[in-house]
Amino acid sequence: MAKKLVIKVTAGADAPERCSQAFTVAAVAVASGVEVSFWLTGESSWFALPGRAAEFELPHAAPLPDLIESIMAAGQITLCTQCAARREITEKDVIEGVRIAGAQVFVSEITGEGVQALVY
C-alpha cells in the first residue's frame with residue numbers, strides 16, 4: 001500500500017460523478033489511515049470557498065461538505081495557484097486550513113518515495 005496518496009481533482013459541478021469519486025476516494029483513504037494530499041484544480045477550485053461544496057448535489061453520493069471535513073481531519077487540501085488566480089480566489093477567501101500552492105509543490109509531492117498519484 002502507498003504510504004501517501006496525492007489526489008488531483010480537475011472536475012467540479014461540470015462532471016459531478018468524477019468530482020464526487022475523487023472526494024470519496026480521498027475521504028476513504030484518510031479513514032483507512034493513508035496520508036492524503038488532495039488538490040483542487042480546474043472547476044473543483046470553487047470548493048475551496050466556504051459554502052460552495054454545500055451547493056453540490058449528486059444522488060446517492062455523500063455530501064461534499066462531509067467529505068471535505070473528513071479529508072481535512074487528517075489530510076491536506078491544496079488549491080492550485082494558477083486555478084485560484086484565474087478565479088480571483090485569494091488565501092483570505094478559502095476555507096480555513098486550505099493552502100494555495102503551485103506545480104512545484106505538486107511535483108515534489110508526487111515524486112516522493114512510496115507515493116501514489118491519482119487524477120480525476
Side-chain angles (χ1 to χ4, degrees):
M1 180 181 287
K3 296 177 186 171
K4 181 175 183 177
L5 189 58
V6 180
I7 300 172
K8 179 188 277 194
V9 58
T10 62
D14 60 324
E17 288 183 307
R18 189 163 29 112
C19 175
S20 180
Q21 289 169 4
F23 280 89
T24 300
V25 167
V28 169
V30 166
S32 300
V34 176
E35 182 183 351
V36 172
S37 177
F38 191 72
W39 284 72
L40 301 170
T41 68
E43 284 303 299
S44 71
S45 299
W46 296 113
F47 299 127
L49 298 175
R52 291 300 284 268
E55 298 171 6
F56 181 88
E57 292 184 16
L58 181 64
H60 310 291
L64 283 194
D66 294 349
L67 296 174
I68 289 171
E69 184 178 323
S70 295
I71 296 165
M72 291 187 77
Q76 172 70 58
I77 296 181
T78 304
L79 172 59
C80 163
T81 302
Q82 289 182 15
C83 299
R86 280 189 282 277
R87 291 160 180 81
E88 298 181 356
I89 299 172
T90 67
E91 288 184 358
K92 68 177 180 6
D93 300 320
V94 299
I95 298 167
E96 185 177 342
V98 171
R99 69 177 174 170
I100 297 177
Q104 181 181 8
V105 175
F106 180 77
V107 170
S108 71
E109 286 189 6
I110 65 169
T111 56
E113 184 75 28
V115 176
Q116 174 69 49
L118 302 173
V119 179
Y120 285 87

Identify the heavy atoms of [X] and [Y] that sit nearest to each other, and give their distance.
X: K4; Y: S37; value: CE-CB, 3.8 Å
X: A27; Y: L67; value: CB-CD2, 3.7 Å
X: I71; Y: F23; value: CD1-O, 3.8 Å
X: V30; Y: S70; value: CG1-O, 3.5 Å
X: I95; Y: F47; value: CD1-O, 3.6 Å
X: V6; Y: V115; value: CG2-CG1, 3.7 Å

Measuring from [X]:[atom1] to [Y]:[atom2], what's the distance to the nearest 0.5 Å?
X: I100; Y: Q82; atom1: CD1; atom2: CD; value: 12.5 Å
X: T81; Y: R86; atom1: OG1; atom2: CZ; value: 10.0 Å
X: K3; Y: E113; atom1: NZ; atom2: CD; value: 6.0 Å
X: W39; Y: L79; atom1: CH2; atom2: CG; value: 9.0 Å
X: I77; Y: I68; atom1: CD1; atom2: CD1; value: 5.5 Å
X: S45; Y: E43; atom1: OG; atom2: CD; value: 7.5 Å

Test item: [X] and [Y] side chains (from C-beta on) under 4.5 Å apart, heavy atoms:
X: T78; Y: V105; result: no
X: P63; Y: E69; result: no
X: C83; Y: R87; result: yes
X: V98; Y: F38; result: no
X: V34; Y: Q116; result: no

Practice problem: Identify, with sequence neighbours excluded, every residue that meets side-chain hydrogen bond (donor to acceptor under 3.5 Å, both in side chains) alongside T41. | Solution: none
Practice problem: Take S20 and H60, measure what side chain to side chain contact (heavy atoms under 4.5 Å, CB included) needs, and give me the verdict at the end. | Solution: CA-CA 10 Å; S20 180; H60 310 291; over 6 Å; no
Practice problem: Verify side chain to side chain contact (heavy atoms under 4.5 Å, CB included) between R18 and T10, making sure each step is shown before the conclusion. | Solution: CA-CA 9 Å; R18 189 163 29 112; T10 62; 3.1 Å; yes
Exercise. Determine whether the side chains of W46 and E55 contain a donor N or O and an acceptor N or O closer than 3.5 Å.
Key: no
Quiz item: Do V28 and L40 belong to the same hydrophobic cluster, where Ile, Leu, Val, Met, Phe, Trp and Tyr are linked whenever their side-chain heavy atoms lie under 4.5 Å apart, directly or via other members?
Solution: no
Self-check item: Donor-acceptor under 3.5 Å (S44 side chain, G12 main chain)
Solution: no
Quiz prompt | Main-chain N/O of V107 paired to T111 side chain as donor or acceptor, under 3.5 Å | solution = yes
Self-check item: Y120: partners by ring pair (Phe, Tyr, Trp, His ring centres under 6.0 Å), with sequence neighbours left out
Solution: none
